[in-house]
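I have placed the structure first, in the form of structure tokens, so that the comments after it can refer back to it.
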Amino acid sequence: MNTDLVIENLLQATNFYSLDESNCDEFVKGYIQKLIQDVVVYVDSNITVGNIEFRDVYNVDHEISQEITGLPAAYSAVDGEIRALTAFAESYSKLGIAEYDEVCKEVLLDFLNLHNGLFIVYLSENNICELSLSVPKQNGKKSIQSPIEGKVTVVPINFSYGTVNFLLVELLKNTK
């Protein structure tokens, strides 16, 4: 099965196509589609995607994050249980990662940076907008709150070893 068909089947099995436009604009939808594509291509194609949620606040235990700067500006993060994050890092890197240590965290940062970089290149190549990335960082426990009500987007991706949550918070919207 080709990658586009896998991604389409994954999206159809979620609430993606019924998301409210007020919560999920084209920027967020594009981010979700690219995220799923990058997970399928670079990590594991044997996944399911849980229903996408929108929250006012999300408390992370093991936050790995990166800001997307420009218009629109956004904050992206990865969170989950240590076991799932460790297995995700190993599945992505193939480095023999067995514990949630500095190497594991760096690999998670690398995946987030890869995904965000590919996303902003896609936006640029399609003349949608020009964005940049801040340096990815590790913050540990943190409460993420959106400046726009209900705009913490949570995309749970389920692997055989657990769920990894990907978060996107729009900070500034492009009003064009």
Side-chain angles (χ1 to χ4, degrees), residues 7-8 10-43 47-80 84-85 88 92 105 108-158 163-176:
I7 294 162
E8 183 60 29
L10 289 167
L11 289 171
Q12 285 184 1
T14 71
N15 61 337
F16 179 79
Y17 289 109
S18 63
L19 294 174
D20 183 347
E21 291 289 324
S22 66
N23 277 337
C24 194
D25 59 21
E26 290 305 310
F27 178 79
V28 174
K29 281 188 173 184
Y31 189 87
I32 294 167
Q33 287 174 305
K34 186 67 178 140
L35 172 65
I36 294 169
Q37 178 185 16
D38 292 343
V39 168
V40 166
V41 170
Y42 297 106
V43 183
I47 62 170
T48 59
V49 179
N51 280 333
I52 298 150
E53 298 177 28
F54 302 97
R55 299 184 188 176
D56 293 330
V57 176
Y58 183 96
N59 295 312
V60 294
D61 291 323
H62 314 288
E63 185 229 17
I64 305 291
S65 66
Q66 184 174 40
E67 287 190 36
I68 300 169
T69 58
L71 277 177
Y75 170 90
S76 63
V78 178
D79 187 44
L85 292 171
F88 178 88
Y92 168 61
K105 293 174 189 175
L108 293 169
L109 289 171
D110 185 71
F111 177 80
L112 190 60
N113 192 55
L114 169 79
H115 161 63
N116 286 337
L118 292 171
F119 177 63
I120 68 168
V121 166
Y122 166 81
L123 294 174
S124 177
E125 286 178 345
N126 289 285
N127 295 317
I128 297 169
C129 59
E130 294 292 329
L131 301 173
S132 299
L133 297 175
S134 296
V135 175
K137 57 188 174 187
Q138 311 169 35
N139 290 321
K141 288 184 180 272
K142 184 176 181 180
S143 181
I144 299 170
Q145 190 163 0
S146 172
I148 306 166
E149 185 176 327
K151 290 299 283 187
V152 178
T153 305
V154 182
V155 182
I157 299 186
N158 307 306
T163 301
V164 176
N165 290 318
F166 293 88
L167 313 169
L168 182 69
V169 179
E170 283 186 273
L171 302 173
L172 296 170
K173 294 182 77 129
N174 190 347
T175 56
K176 300 199 271 188

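Reckoned from all heavy atoms, side chains included, excluding hydrogens, waters and symmetry mates. The residues of the chain are indexed from 1 along the displayed sequence.
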(request) Start with the C-alpha gap between Gln37 and Gln33, add the side-chain angles, then the distance that decides, and say whether side chain to side chain donor-acceptor pair (under 3.5 Å) holds. (result) CA-CA 6 Å; Gln37 178 185 16; Gln33 287 174 305; over 6 Å; no

(request) Could you pull out the closest heavy-atom pair between Cys129 and Leu71, with the gap in Å? (result) CB-O, 3.8 Å

(message) I need the minimum non-hydrogen distance between Val154 and Leu167, along with the two atoms involved.
(response) CG2-CD2, 3.7 Å

(request) Give a yes or no on whether the backbone of Ile52 and the side-chain of Asn15 come within a donor-acceptor separation of less than 3.5 Å. (result) yes

(request) For Phe16, enumerate each residue passing the ring-ring contact (aromatic ring centres under 6.0 Å, His included) test, keeping only those at least two apart in sequence or located in another chain. (result) none

(request) Indicate, with yes or no, if the rings of Tyr31 and Tyr122 have centres closer together than 6.0 Å. (result) no

(message) Using every non-hydrogen atom in the two residues, find where Leu19 and Cys24 come nearest and quote the distance to one decimal.
(response) CD1-SG, 3.5 Å

(request) Without swapping roles, check the side chain of Ser132 against the backbone of Thr69 for a donor-acceptor pair under 3.5 Å. (result) no

(message) Quick check: closest heavy atoms across Val152 and Val57, and the distance to 0.1 Å?
(response) CG2-N, 4.5 Å

(message) Show the nearest heavy-atom pair for residues Tyr42 and Phe111, with the distance to one decimal.
(response) CB-CE1, 4.5 Å

(message) The test is side chain to side chain contact (heavy atoms under 4.5 Å, CB included); show your working for Val49 and Val155 and say whether it passes.
(response) CA-CA 7 Å; Val49 179; Val155 182; 4.2 Å; yes

(request) Would you name the heavy atoms of Pro72 and Leu131 that are closest together and state the gap between them? (result) O-CD2, 3.2 Å

